[in-house]
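Step one of this worksheet: look at the structure below.
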Amino acid sequence: MTFLINKKISLRAVEPNDLPYLYQIENKESARQYGSSIMPNSKHIIKQFIKEAGKDIFETKQLRLVIEHNAECKAVGMIDLFEFSPIHKRAGVGIWIDSPYRQQGLAGEALECLISYAFDTLLMHQLFCHISSDNLLSIKLFKKAGFKECGVLKEWRQTKNGFQDIIVFQRINASHLK
């Protein structure tokens with residue numbers, strides 16, 4: 001069932017039939033480099049994640065949504081709220097768009113939908129993200145969505161080529177400032 005719809009994309013809950021898609025994405029080296037685990041994920045682990053994904057964000061402290069391309073009726077990415085803090089009304093944002101669908105405006109629409117949901121439905125005060133300093137497309141995406149750079153974590157992430165800086169971005173819900 002879809003609950004957030006934009007022109008090109010829809011965001012929907014993770015379903016059991018998404019197992020092959022999530023298994024593929026979670027085990028891509030290019031996706032794992034942005035996470036905190038270097039271990040591959042088994043189908044069993046992903047099945048457990050899908051089972052937990054149906055629970056309320058206030059219980060699990062995270063929300064993963066599948067980004068579905070409206071015209072093609074297929075999953076083309078994922079977007080997450082993580083480290084959700086109901087006390088401080090904040091959460092981290094992560095997004096993944098499959099390579100063939102990048103630079104088509106899909107990530108921007110997905111992010112726009114997620115921000116609306118976070119601020120208007122969950123009544124969150126702020127969203128944050130950590131972006132590798134060399135990920136220029138993500139930096140551009142989040143800046144365009146109103147996120148402001150608020151710091152740099154020096155040599156924060158180890159890569160094959162050494163340590164990499166991470167830029168921290170925040171977006172404050174302006175309606176909460178009134």
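Below, all heavy atoms of this structure are taken into account, side chains as well, without hydrogens, waters or symmetry copies. Just so you know, residue 1 is the first one in the sequence shown, and it goes up from there.
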Out of curiosity, does [Y] fall in the hydrophobic cluster containing [X] (side-chain heavy atoms, cut-off under 4.5 Å, transitive links)?
X: Ile95; Y: Phe128; answer: no
X: Ile166; Y: Val93; answer: no
X: Tyr23; Y: Ile50; answer: yes
X: Ile57; Y: Ile67; answer: yes

Side-chain touch [X]/[Y], heavy atoms, less than 4.5 angstrom:
X: Phe119; Y: Leu127; answer: yes
X: Val14; Y: Leu65; answer: no
X: Leu122; Y: Leu81; answer: yes
X: His125; Y: Ile172; answer: yes
X: Val152; Y: Val168; answer: no

Using side-chain contact (heavy atoms from CB on, under 4.5 Å), reason through Glu15 and Leu22 one step at a time and then give a plain yes or no.
CA-CA 10 Å; Glu15 299 286 346; Leu22 265 65; over 6 Å; no
Candidate pair Arg157 and Phe163, rule side-chain contact (heavy atoms from CB on, under 4.5 Å), full reasoning:
CA-CA 5 Å; Arg157 183 176 288 140; Phe163 285 89; over 6 Å; no
Donor-acceptor pair, distance only, cut-off 3.5 Å: does the side chain of [X] make one with the backbone of [Y]?
X: Asp120; Y: Tyr117; result: no
X: Tyr21; Y: Gly77; result: yes
X: Asp165; Y: Ser133; result: no
X: Asn70; Y: Lys7; result: yes
X: Glu109; Y: Lys8; result: yes
X: Arg64; Y: Ile79; result: no
X: Asp56; Y: Phe58; result: yes
X: Ser132; Y: Asp134; result: no
X: Gln104; Y: Pro100; result: yes
X: Asn135; Y: Ser138; result: yes

So does Gln103 have more than 12 non-hydrogen atoms from other groups sitting under 6.0 Å from CD?
no
Shortest non-hydrogen contact between Ile9 and Cys113, atoms and distance
CD1-SG, 4.2 Å
Closest heavy-atom pair, Leu11 versus Ala110, reported as atoms and distance to 0.1 Å, is CD1-O, 3.8 Å
Are Lys74 and Asp98 close enough, and set up right, to give a salt bridge (charged side-chain N to carboxylate O under 4.0 Å, His left out), and what steps lead you there?
CA-CA 11 Å; Lys74 73 178 266 188; Asp98 296 338; over 6 Å; no
Can you tell me how far apart [atom1] ([X]) and [atom2] ([Y]) are? Round to the nearest 0.5 Å.
X: Cys129; Y: Ile139; atom1: SG; atom2: CD1; value: 9.0 Å
X: Leu141; Y: Ile97; atom1: CG; atom2: CD1; value: 8.5 Å
X: Phe82; Y: Lys61; atom1: CZ; atom2: NZ; value: 15.5 Å
X: Ile131; Y: Lys140; atom1: CD1; atom2: NZ; value: 13.5 Å
X: Glu112; Y: Lys144; atom1: CD; atom2: NZ; value: 9.5 Å
X: Met124; Y: Phe84; atom1: CE; atom2: CZ; value: 5.5 Å

Show your reasoning for whether side-chain contact (heavy atoms from CB on, under 4.5 Å) applies to Phe142 and Glu149.
CA-CA 9 Å; Phe142 280 87; Glu149 183 177 332; over 6 Å; no
Would you please indicate yes or no on a ring centroid separation below 6.0 angstrom for Phe147 and Phe169?
no
Among Arg90, Gln170, Lys89, which residue meets the side chain to side chain donor-acceptor pair (under 3.5 Å) test with Gln126?
Gln170
